Amino acid sequence: MLKIDFYERPAPLLAPDLIGKKLVRLQNGTRLAGIIIETEAYQGQEDLACHAHFGRTKRNQVMYEEPGRAYVYFTYGMHWLLNIVADRFGHPAAVLIRAIFPVEGQELMALNRPNLANSHQWLNGPAKLTQALALNGSMNGYDLTKPGAELFLEEGTAVPAELVNIGPRIGLGKTPEPWLSIPWRWELDWQQAQNLIQKGVK
DNA sequence: CGGCCGATTATCT
DNA sequence: GATAATCGGCCGG
């Protein structure tokens, strides 16, 4: 299990390091897990795309707390999105988990999210993976570093940096420049993930 | 495959 | 009262 010092740095530094890490969720004792293959960084009040842009609110409060917590919020009237809090206490920052490659507990994940199971479009979106991992607002503020946690990260698979695509963040709507174009999104495509992961790990 | 659009409601102005 | 760090269905090529 990764400890708090792994998370305690600005989101644009943490986000690329999360690619290849294994996200583990215990659902009634069953391990559900996927390798993280897409992330986005949201850093500080000065980042106009960050929820902390307008200062501290009830919703974004968790972003100001200890790193290594889950920031789970509701959007578009129906979707839950999972972020991992970054940076030091008092500095609002988080990394959005946008996609995972499933490696454990796929049967249960398919029950949680039956629609497209076994297609490569299965877990390639932030609201898709929260469904598969049975995550919702009840996990907001959850400490991923505490002993016995039911949501945490493991070391996972080493991913060579040259395989990771970098580009602007997605879905930012009318966020003004230059924030709209900042390359704070990191992604390993599905095929590359499959090549890497199915070599060693089961 | 790509673009458009409706769903649906907590949160913030 | 408007908007949203999205998704899935439907359309056309």
Side-chain angles (χ1 to χ4, degrees), chain A residues 7 10-19 21 23 34 36-65 67 69-87 91-102 109-142 144 151 164-191:
Chain A
Y7 301 99
L13 296 179
L14 175 61
D17 249 20
L18 286 172
I19 302 294
K21 294 292 184 282
L23 177 64
I36 296 173
I37 58 173
E38 187 178 352
T39 60
E40 281 178 3
Y42 291 86
Q43 178 66 41
Q45 234 173 293
E46 61 279 11
D47 176 3
L48 299 193
C50 181
H51 286 168
H53 168 50
F54 290 112
R56 197 184 295 250
T57 67
K58 186 178 175 186
R59 177 176 68 167
N60 68 28
Q61 165 63 25
V62 179
M63 296 182 84
Y64 290 77
E65 295 178 11
R69 305 285 183 98
Y71 169 42
V72 184
Y73 76 93
F74 188 70
T75 191
Y76 290 103
M78 62 189 88
H79 297 304
W80 294 100
L81 272 56
L82 170 68
N83 296 250
I84 296 177
V85 176
D87 213 343
H91 297 247
V95 176
L96 174 67
I97 308 300
R98 290 192 59 91
I100 61 175
F101 185 99
M109 280 194 260
L111 289 178
N112 292 335
R113 188 175 189 290
N115 279 356
L116 292 168
N118 296 328
S119 122
H120 67 104
Q121 302 269 62
W122 196 30
L123 299 170
N124 64 336
K128 298 180 184 180
L129 67 93
T130 55
Q131 284 178 38
L133 298 178
L135 299 172
N136 58 39
S138 69
M139 295 299 283
N140 190 39
Y142 196 84
L144 276 66
L151 180 66
V164 179
N165 305 313
I166 302 176
R169 295 171 290 182
I170 290 176
L172 267 44
K174 55 192 177 80
T175 299
E177 295 289 2
W179 308 103
L180 194 55
S181 301
I182 294 178
W184 277 358
R185 171 171 167 266
W186 290 264
E187 174 205 40
L188 177 68
D189 74 51
W190 187 270
Q191 191 57 56

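Chain letters run A, B, ... following the sequence lines, proteins first and then strands; every chain starts at 1. Note that the structure is a prediction, hence the values are computed from the model and not measured.
Of the candidate nucleotides B/dC12, C/dT3, C/dA5, B/dC12 has the atom lying nearest to any side-chain atom of A/Lys58. The side chain of A/Arg98 lies closest to C/dT6 when the candidates are C/dT6, B/dC12, C/dA4. For A/Lys174, the side-chain atoms get nearest to C/dT3 when compared with the rest of C/dT3, B/dT13, B/dT8.
Taking atom NE2 of A/His53 as the reference point, atom P of C/dA5 lies 12 Å away to the nearest angstrom. Following rounding to the nearest Å, A/Phe74 (CZ) and B/dC12 (P) show an atom-to-atom distance of 14 Å. To the nearest angstrom, P of C/dT6 lies 15 Å from CD of A/Gln121. Remark: P of B/dT11 and OH of A/Tyr71 are 10 Å apart, rounded to the nearest angstrom. For the pair A/Ile170 CD1 and B/dG2 P, the interatomic distance rounds to 13 Å; values are reported in whole Å. Taking atom CG of residue A/Leu172 and atom C1' of nucleotide C/dT3, one finds them 14 Å apart after rounding to whole Å. In this structure, A/Trp179 places its CH2 atom 16 Å from C1' of C/dA5, rounding to the nearest Å. Atom C1' of nucleotide C/dA4 and atom CG of A/Asn83 are separated by 14 Å, given to the nearest angstrom.
Taking side-chain N and O atoms only, A/Arg113 has no distance below 4.0 Å to OP1 or OP2 of C/dC7. A close approach under 4.0 Å does not occur between any side-chain nitrogen or oxygen of A/Arg185 and OP1 or OP2 of C/dA5. Here A/Thr57 reaches the OP1 or OP2 of B/dC12: one of its side-chain N or O atoms lies under 4.0 Å away.
Within 4.0 Å (heavy atoms only), A/Gly171 reaches sugar-phosphate atoms of the nucleic acid but no base atom. Residue A/Arg59 is classed as a sugar-phosphate contact, given heavy-atom separations below 4.0 Å to backbone atoms only. Nucleic acid contact for A/Tyr73: base, since at least one base atom lies under 4.0 Å from a heavy atom of the residue. In this structure, A/Leu96 reaches the bases: a heavy-atom distance under 4.0 Å links it to at least one base atom across the strands shown.
For the pair A/Arg98 (side chain) and A/Trp186 (backbone), a donor-acceptor distance under 3.5 Å is absent. Listed for the A/Lys128 side chain is no donor-acceptor partner under 3.5 Å among the backbone atoms of A/Arg113.
Classified by interplanar angle (parallel below 30°, tilted 30° to 60°, perpendicular above 60°), the ring pair A/Trp80/A/Phe74 is tilted. The aromatic rings of A/Phe101 and A/Trp190 lie tilted to each other, with the angle between the two planes from 30° to 60°.
Between the side chain of A/His79 and the base of C/dA4, no donor-acceptor pair under 3.5 Å is found.
Proximity of residues 123-138 of chain A to DNA chain C (heavy atom under 4.0 angstrom from any strand atom) is restricted to A/Gly125, A/Pro126, A/Ala127, A/Lys128.
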> If pairs are Watson-Crick or G-U with both distances under 3.5 Å, what is the dot-bracket string of DNA chain C, marking crossing pairs with [ ] and pairs to another strand with |?
Replying inline: ||||.|||||||.
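Remark: ring of A/Tyr76 not stacked against base of B/dA7; the cut-offs of centroid gap under 5.5 Å and plane tilt under 30° are not jointly satisfied.
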